[in-house]
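Written out below as structure tokens is the structure these notes cover.
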Amino acid sequence: MIAENLRAVRQNIVRACEAVGRDPSEVTLIAVSKTKPVSMLMEAYEADARIFGENRVQEIMDKYPQLPGDIEWHMIGHLQRNKVKYIIDKASMIHSVDSLRLAETIEEEAAAHQLRMPVLVEVNVAEEESKFGLRVSEVLPFVETLSRYPHLEVRGLMTIAPFVEDPEENREIFRQLKKLSVDIDAKNINNISMNVLSMGMTGDYEVAVQEGATMVRVGTGIFGERNR
Ligand SMILES: *Cc1c(COP(=O)(O)O)cnc(C)c1O
């Protein structure tokens, strides 16, 4: 089932790219495996999934030693500062940088481990009360500050769009994030790249791809419904 789901999602990404004349190789699929057992991750691995997204530090720590070493683990959920130290040498990317204090902690831990951590800035484009992330207007000054952190590699932006019935309702959100990334990129800020746009989940990843997503985070569409 998981292999079939993966095939279908990959095909949908290709179709979404074709619809707007994008090269499908520009889009990376992140298999969001949160709450799912290692056996299901292995099934996805055997169907060539190599990038897994998790939203809890404890779960990355549990799964990391049980799965093959060529997997990339992406931290996509809200990250508490006191837990950064547990994943600093395990995560390949942190999608959810949403405060200066968190960025500072990642900078310190990355320096201690002599590595540069690829990060995305989480943007709450829709300004939903319940969501983490910066407002659109806060992002430019924020990345200007982050550009001075030598152990952070700012690669782009991430958003979690609202939960909607019709994915078309989120098209404008994705457009806004794309526009923001283009505007920031045009400033040519030292040490800041805007190559990654992490947007789109099971309900709306095709629209996100049409609007320029370079990473889509799909959980339910690959692994099925979650119980929590
Ligand atoms: C759970 C989660 C996803 C995947 O959600 P689905 O609707 O199951 O595809 C994507 N991004 C984040 C940040 C998540 O927490």
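Counting convention: from 1, in listed order, for ligands and their atoms alike. Side chains included, hydrogens not; waters and symmetry mates left out as well; all remaining heavy atoms used. Position 1 is the first residue of the sequence; numbering continues from there. Computed from a predicted model, the values in this text were never measured in an experiment.
- Taking the centre and axis of the six-membered ring of Tyr45, the NZ or CZ atom of Arg50 falls inside the cone set by 45° and 6.0 Å.
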What short N/O contacts, under 3.5 Å, does ligand 1 make with the protein, listed by atom pair and distance?
unit_1: ligand 1; atom_1: 8 (O); unit_2: Thr220; atom_2: N; d: 2.8
unit_1: ligand 1; atom_1: 8 (O); unit_2: Thr220; atom_2: OG1; d: 2.5
unit_1: ligand 1; atom_1: 8 (O); unit_2: Arg226; atom_2: NH1; d: 2.8
unit_1: ligand 1; atom_1: 8 (O); unit_2: Arg226; atom_2: NH2; d: 3.1
unit_1: ligand 1; atom_1: 9 (O); unit_2: Thr202; atom_2: N; d: 3.0
unit_1: ligand 1; atom_1: 9 (O); unit_2: Thr202; atom_2: OG1; d: 2.4
unit_1: ligand 1; atom_1: 9 (O); unit_2: Gly219; atom_2: N; d: 2.8
unit_1: ligand 1; atom_1: 11 (N); unit_2: Arg217; atom_2: NE; d: 2.8
unit_1: ligand 1; atom_1: 15 (O); unit_2: Lys34; atom_2: NZ; d: 2.6

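- Under a cut-off of 6.0 angstrom, the local environment of CG in Asn190 is sparse, with at most 12 non-hydrogen atoms contributed by other residues, nucleotides or ligands.
- Applying the 6.0 Å contact sphere to CD of Glu168 captures more than 12 heavy atoms from other residues, nucleotides or ligands.
- For Lys85, the NZ atom counts as densely surrounded, since its 6.0 Å shell holds more than 12 non-hydrogen atoms of other residues, nucleotides or ligands.
- Inspection of the Lys179 and Gln176 side chains reveals no N or O donor paired with an N or O acceptor under 3.5 Å.
- Under the 6.0 Å distance and 45° angle rule, Lys36 does not count as a cation-pi partner of Phe223.
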